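Since the model is a prediction, treat every value here as computed from it, not as a measurement. In listed order, ligands and their atoms are each counted from 1. The analysis underlying the following values was restricted to heavy atoms, covering all of them including side chains, and did not include hydrogens, waters or symmetry mates.
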Amino acid sequence: MKIHEYQARNLFAEYGIPVADGEVAQTPQEALSIAHKTGFPVVIKAQVLVGGRGKAGGVKVVANEAELISEFNRIKALNIKGYTVDRLLVARAIDIKKEYYLAVAIDNIKGDVVVIASAEGGVDIEEVAQTHPEKIIKFYMQGTKILDEERWAPIAAGLFSDVRLQKSATSILQKLLKLFFEKDCSLAEINPFVIDDKGNLMAADAKVIIDDNALERHPELVALRDMKYEDADELEAKEKGLSFVKLEGNVGCIVNGAGLAMGTMDEVNLLGGKAANFLDVGGSSNPQKVLNALKIILRNKDIKVVLINIFGGITRCDDIANGILTALKQIEIPVPLVIRLTGTNEKEAKALLTAAGLTTFKSMRQAVTEAVKASK
Ligand code: GDP
Ligand code: MN
């Protein structure tokens with residue numbers, strides 16, 4: 001879950017990472033009263049959960065009231081990558097002397113938390129990584145949650161020659177790491193991480209992404225969710241106990257268990273099809289879950305077939321079959337259903353489905369082959 005910059009910088013402040021005074025505003029009047037507290041110049045920034053705001057004209061330093069009002073109105077009217085601007089952060093403008101980059105992220109390939117730093121800040125870090133990989137410093141946490149100052153020190157020295165700045169950067173990084181781990185982040189990024197006119201390091205931007213799977217532990221963060229950026233179907237699925245992720249293809253998938261759901265998508269791809277979604281109905285599925293899953297999946301008009309792949313363990317195949325039969329009665333299913341069931345209560349399930357005129361498969365390969373054929 002992404003949170004807005006103004007929310008992320010509140011977390012920064014809570015952890016002692018220096019940010020300039022500021023608040024979020026919805027109207028020019030609110031912006032003015034914030035600017036009166038912080039003093040001019042102020043920077044005003046569109047609060048949208050997409051990258052490249054600066055380039056899109058969503059960030060502006062203004063020197064006085066008249067400029068604040070006109071720029072506020074201009075930014076408020078922007079459409080940034082398909083999103084309107086509802087709120088703007090108004091903060092005391094930092095007199096920036098140099099821009100750096102500092103982040104804590106997850107390296108999925110190495111399976112480790114990585115600290116990323118660069119003296120090339122403010123710009124698109126992915127671009128730097130491509131064109132000048134030598135300008136990016138990486139420090140792997142190697143499964144630990146604390147910063148080993150001895151290992152980090154040479155890196156701080158690589159960024160700053162000044163010992164005071166090295167110490168300050170180390171302290172800020174320790175706070176960023178604490179935040180990253182305590183709030184179960186997948187990213188905590190400061191870009192640009194700046195030196196101001198007084199020679200102090202500050203966070204001039206704040207980006208925090210929270211691991212969705214950890215949100216149960218953080219009700220205070222769930223409250224920050226901006227619904228405008230959530231997929232309505234994915235949210236509804238979550239409420240109904242289904243793990244659902246929308247994808248690009250046209251083979252709708254209903255599967256029990258995340259592993260089998262991944263395997264099913266692989267098999268669909270392998271046989272030349274494209275999955276329209278990932279959907280795990282969970283272990284102890286009941287008929288209602290199957291009905292809910294079908295309802296959500298069928299909203300996707302690209303779908304040409306629904307593949308139901310169940311390996312019955314705790315999940316009883318007859319529960320699934322009853323769910324399918326209920327769905328057939330309650331909703332219109334305009335595409336073929338390809339059903340593969342095996343395991344607990346398989347016989348009962350087959351009897352129920354056969355009686356209703358549906359065919360079932362025992363082998364996953366057969367079912368997927370059939371589904372891919374129907375998707376063409
Ligand atoms: P992003 O483009 O969405 O990442 O937005 P940022 O918040 O990073 O701002 C983009 C750029 O605007 C930064 O790289 C800075 O150059 C500039 N900027 C942001 N905040 C300030 C500030 O407080 N003072 C000054 N002078 N420039 C700022
Ligand atoms: Mn930025």
Side-chain angles (χ1 to χ4, degrees), residues 2-13 17-25 31 34-64 67-68 71-72 74-76 78-105 115-129 132 135-136 159 172-173 176 179-180 185-209 226 228-229:
K2 289 182 180 173
I3 59 174
H4 286 289
E5 177 191 9
Y6 76 91
Q7 300 165 325
R9 75 202 299 280
N10 284 344
L11 283 179
F12 279 13
I17 298 167
V19 293
D21 289 341
E23 279 169 58
V24 74
I34 298 164
H36 287 152
K37 282 187 256 171
T38 64
F40 282 99
V42 293
V43 62
I44 58 175
K45 303 163 98 176
Q47 298 298 288
V48 286
L49 294 177
V50 292
R53 272 177 321 177
K55 279 185 197 160
V59 177
K60 179 79 183 169
V61 177
V62 295
N64 54 51
E67 222 188 321
L68 172 61
E71 287 299 313
F72 189 98
R74 179 187 63 79
I75 294 177
K76 191 103 198 263
L78 287 177
N79 185 306
I80 302 180
K81 295 184 181 167
Y83 291 100
T84 52
V85 180
D86 304 326
R87 285 162 285 187
L88 280 84
L89 170 69
V90 180
R92 180 178 61 76
I94 304 169
D95 187 355
I96 299 176
K97 295 303 172 199
K98 183 159 169 43
E99 303 193 349
Y100 296 83
Y101 178 94
L102 185 65
V104 183
V115 173
I116 304 166
S118 178
E120 299 286 314
V123 290
D124 189 349
I125 198 71
E126 280 88 7
E127 212 174 293
V128 181
H132 293 287
K135 290 187 176 163
I136 294 195
L159 281 184
I172 289 172
L173 177 58
L176 194 64
L179 187 165
F180 179 92
C185 299
S186 56
L187 179 72
E189 181 191 74
I190 313 178
N191 186 30
F193 179 42
V194 303
I195 301 184
D196 70 8
D197 54 336
K198 297 193 181 67
N200 293 323
L201 285 169
M202 300 199 74
D205 190 6
K207 184 170 178 185
V208 167
I209 304 177
D226 185 341
K228 190 167 154 179
Y229 295 86

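- Those atoms of ligand 1 that come under 4.0 Å of a heavy atom in Ala93, given as number and element, are 23 (O).
- At a heavy-atom distance under 4.0 Å, no atom of Asp95 approaches ligand 1.
- Between the OD2 atom of Asp205 and the O atom of Asn191, the angle centred on the Mn ion (ligand 2) amounts to 100° when rounded to 10°.
- In this structure, Lys228 pairs ionically with Asp86, as a charged nitrogen and a carboxylate oxygen lie closer than 4.0 Å.
- Atom 16 (O) of ligand 1 has Glu99 OE2, 2.6 Å as its closest protein atom, hydrogens excluded (heavy atom only).
- At least one heavy atom of Pro192 lies less than 4.0 angstrom from ligand 1.
- Scanning the protein heavy atoms around atom 2 (O) of ligand 1, the nearest turns out to be Gly54 N, 3.0 Å.
- Relative orientation of the Phe40 and His36 rings is perpendicular, given thresholds of 30° and 60° on the angle between their planes.
- For ligand 1, the polar-atom distance check finds no N/O of Glu5 at less than 3.5 Å from any of the ligand's N/O atoms.
- Looking at heavy atoms from C-beta onward, Val85 lies in side-chain contact with Ile80 at the 4.5 angstrom threshold.
- Taking atom 6 (P) of ligand 1 as the reference point, the nearest protein heavy-atom neighbour is Asp205 OD2, 3.5 Å.
- Electrostatic pairing of Lys97 and Asp95 counts as a salt bridge here, judged by a charged N lying under 4.0 Å from a carboxylate O.
- The 12-atom threshold is not exceeded at NZ of Lys198, counting heavy atoms of other residues, nucleotides or ligands nearer than 6.0 Å.
- Here the side chains of Ile34 and Asp21 are not in contact, with every heavy-atom distance at 4.5 Å or above.
- Looking at heavy atoms from C-beta onward, Leu88 lies in side-chain contact with Phe72 at the 4.5 angstrom threshold.
- Val59 CG1, 3.6 Å is the protein heavy atom nearest to atom 12 (O) of ligand 1.
- Distance from atom 25 (C) of ligand 1 to its nearest protein heavy atom, with residue and atom name: Ile94 O, 3.3 Å.
- Glu189 lies apart from the Mn ion (ligand 2) in this respect, since none of its N, O or S atoms is found at a distance under 2.8 Å.
- For atom 18 (N) of ligand 1, the closest non-hydrogen atom of the protein is Ile96 CD1, 4.2 Å.
- Within the 4.0 angstrom cut-off, atom 28 (C) of ligand 1 has one or more protein heavy-atom neighbours.
- Taking the charged nitrogens against the carboxylate oxygens, Asp196 and Lys98 have no contact shorter than 4.0 Å, which rules out a salt bridge.
- Counting only heavy atoms from C-beta outward, the side chains of Asn191 and Tyr100 never approach each other to under 4.5 Å.
- When non-hydrogen atoms are compared, ligand 1 lies under 4.0 Å from the side chain of Val43 (C-beta onward) but not from its backbone.
- Each of Glu23, Glu71, Glu5 was compared with Lys45 under the salt bridge (Lys or Arg N to Asp or Glu O under 4.0 Å) criterion, and only Glu5 meets it.
- The nearest heavy-atom contact from the protein to atom 3 (O) of ligand 1 is Arg53 NE, 2.8 Å.
- Near Lys45, the atoms of ligand 1 lying under 4.0 angstrom from a non-hydrogen atom of the residue are 7 (O), 20 (N).
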